[in-house]
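For reference, the structure discussed in these notes is given below.
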Amino acid sequence: MPKRTLQGVVVSDKQDKTIIVRVERRFTHPILKKTVRRSNKFHAHDETNEFSVGDVVWIEEHRPISKLKRWVVTRGEKRAKLDEPADETGKRVSKKKGAKADAAAAPSN
């Protein structure tokens, strides 16, 4: 029997060598005849810690790796970097925090 392959979006990459992937499926409700979206989250093994939140990845069934991990990342597409300003440490700064910091740094009259 072939292994299942699913496509999803990375929603968490906080664990070492593990990502959490949200796989969404769409179907027509049998009574309401309305398109419904449902999603499941899967823990997948990412050996090189290559993928981050927002990346699109394909996962494949695998033998159990840990208590929750039964999937392995086979391939993925990196999300384009956001055009957010970076502070002197190289970390991205959200526009809200940047605006507050600029207001606090500017002398008030």
Side-chain angles (χ1 to χ4, degrees):
M1 189 160 93
K3 295 180 180 180
R4 286 191 298 168
T5 302
L6 302 173
Q7 178 185 0
V9 178
V10 178
V11 293
S12 175
D13 63 346
K14 293 181 180 179
Q15 301 175 50
D16 187 33
K17 297 185 180 183
T18 302
I19 58 174
I20 299 177
V21 180
R22 185 184 69 232
V23 176
E24 190 174 272
R25 62 187 180 94
R26 293 169 50 164
F27 63 95
T28 303
H29 192 279
I31 297 172
L32 301 178
K33 308 299 184 204
K34 178 180 177 179
T35 302
V36 182
R37 295 191 311 178
R38 294 280 161 88
S39 62
N40 290 331
K41 291 181 184 176
F42 298 97
H43 289 69
H45 185 67
D46 178 18
E47 182 66 34
T48 58
N49 289 323
E50 179 183 355
F51 299 104
S52 58
V53 175
D55 294 344
V56 176
V57 295
W58 283 261
I59 57 176
E60 184 178 75
E61 281 183 314
H62 193 270
R63 64 178 171 79
I65 299 169
S66 68
K67 180 180 174 183
L68 296 174
K69 283 200 289 188
R70 275 97 173 107
W71 297 84
V72 157
V73 177
T74 55
R75 62 188 175 107
E77 297 175 0
K78 291 286 194 178
R79 175 188 62 171
K81 292 286 184 187
L82 299 175
D83 294 331
E84 292 183 8
D87 63 358
E88 54 276 351
T89 61
K91 294 182 180 177
R92 287 185 292 186
V93 179
S94 71
K95 292 177 184 171
K96 276 187 178 177
K97 288 183 181 177
K100 287 182 181 177
D102 292 341
S108 59
N109 294 347

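Just so it is clear, the values below take in all heavy atoms, side chains as well, and ignore hydrogens, waters and symmetry mates.
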Backbone N/O of Thr18 and side chain of Asp46: donor-acceptor pair under 3.5 Å: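 Not a single qualifying donor-acceptor pair exists.
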Please confirm whether the backbone N or O of Ile19 pairs with a side-chain atom of Asp13, one donor and one acceptor, at under 3.5 Å?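 Between the backbone of Ile19 and the side chain of Asp13 there is no qualifying donor-acceptor contact (under 3.5 Å).
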Are Val9 and Phe42 grouped together when hydrophobic residues (ILVMFWY) are joined by side-chain heavy atoms under 4.5 angstrom apart? no
Are Ile65 and Ile20 linked, directly or through intermediate hydrophobic residues, by side-chain heavy-atom contacts shorter than 4.5 Å (ILVMFWY only)? no
Using a strict cut-off of less than 4.0 Å between a Lys/Arg side-chain nitrogen and an Asp/Glu carboxylate oxygen, indicate whether Arg4 and Glu60 qualify as a salt bridge.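 No, this pair does not count.
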Do the side chains of [Y] and [X] get nearer than 4.5 Å, heavy atoms only?
| X | Y | answer |
| --- | --- | --- |
| Leu6 | Trp71 | yes |
| Arg79 | Phe51 | no |
| Lys3 | Thr5 | no |

Reported [atom1]-to-[atom2] distance for the pair [X] and [Y], which is rounded to 0.5 angstrom:
| X | Y | atom1 | atom2 | value |
| --- | --- | --- | --- | --- |
| Asn40 | Arg25 | CG | CZ | 6.5 Å |
| His45 | Arg70 | NE2 | CZ | 14.0 Å |
| Asn49 | Gln15 | CG | CD | 10.5 Å |
| Glu47 | Lys17 | CD | NZ | 4.0 Å |
| Glu50 | Lys78 | CD | NZ | 5.0 Å |
| Arg75 | Ile59 | CZ | CD1 | 12.5 Å |

Taking every non-hydrogen atom, the tightest pair across Val36 and His29: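 Closest pair (atom of Val36, atom of His29, distance): CG2-CB, 3.9 Å.
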For the residue pair Ala44 and Val73, what are the closest heavy atoms and their distance? CB-CG2, 4.0 Å
